[in-house]
Amino acid sequence: MQTLKTVKKGETVRVVKIGGERVIKRRIMEMGITKGAEIVVRNVAPLGDPIEITVRGYELSIRKADAEMIEVE
């Protein structure tokens with residue numbers, strides 16, 4: 001399964017599953033990243049951290065470690 005960390009700039013994906021510990025999972029979901037949400041990768045920093053995305057109509061930057069826990073298709 002592909003994670004958000006591996007998605008290239010400009011691609012649009014849909015969230016399939018959010019992994020990780022309960023606290024981290026809840027924090028990710030509070031940002032609007034939930035199962036079925038559509039995510040557009042706007043930009044990836046030169047070293048890969050952070051990743052700028054658009055989800056539910058607003059822009060968000062997330063850490064590479066958090067992006068690795070989000071499975072997408």
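Nothing here was measured: the structure is a model prediction, and the numbers come from that model.
Nearest heavy atom pair, residue Glu52 against residue Ser61, reads CG-OG, 3.5 Å.
In this structure, the side chains of Thr12 and Glu38 come closer than 4.5 Å at one or more pairs of heavy atoms. For the pair Val15 and Thr34, the minimum side-chain heavy-atom distance is 4.5 Å or more. Using a 4.5 Å cut-off on side-chain heavy atoms (C-beta onward), Gln2 and Val7 make contact. Considering only heavy atoms from C-beta on, Ile24 comes within 4.5 Å of Met69 through its side chain. The side-chain heavy atoms of Leu60 and Thr54, taken from C-beta on, include no pair separated by under 4.5 Å. Residues Asp49 and Arg63 form a side-chain contact, since some pair of their non-hydrogen atoms from C-beta on lies under 4.5 Å apart.
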For this session: Check the pair Ile53 / Glu59 against side chain to side chain contact (heavy atoms under 4.5 Å, CB included), numbers first and verdict last.
Result: CA-CA 6 Å; Ile53 62 172; Glu59 294 185 11; over 6 Å; no
For this session: Test side chain to side chain contact (heavy atoms under 4.5 Å, CB included) on Leu4 and Val13 and set out the steps.
Result: CA-CA 8 Å; Leu4 185 58; Val13 294; 4.2 Å; yes
Exercise. For Ile33 and Ile39, what are the C-alpha separation, side-chain angles and deciding distance, and is it a side chain to side chain contact (heavy atoms under 4.5 Å, CB included)?
Worked result: CA-CA 8 Å; Ile33 303 170; Ile39 297 176; 4.0 Å; yes
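Salt bridge annotation for Lys5-Asp66: absent, with no cationic side-chain nitrogen under 4.0 angstrom from a carboxylate oxygen.
Distance check: Thr6 OG1 to Glu71 CD gives 10.5 Å after rounding to the nearest 0.5 Å. Atom CE of Met29 and atom CD1 of Ile70 lie 11.0 Å apart (nearest 0.5 Å).
Listed for the Arg56 side chain is a donor-acceptor partner under 3.5 Å among the backbone atoms of Gly32. Arg14 contributes no side-chain N or O that, together with a main-chain N or O of Ala37, makes up a donor-acceptor pair within less than 3.5 Å.
The number of heavy-atom neighbours closer than 6.0 Å to CZ of Arg42, taken from other residues, nucleotides and ligands shown, is 12 or below.
A continuous path of Ile, Leu, Val, Met, Phe, Trp and Tyr side chains, each step under 4.5 Å between heavy atoms, connects Ile62 with Val55, placing both in one hydrophobic cluster. If you chain together hydrophobic residues whose side chains sit under 4.5 Å apart, Val16 and Ile28 never meet in one group.
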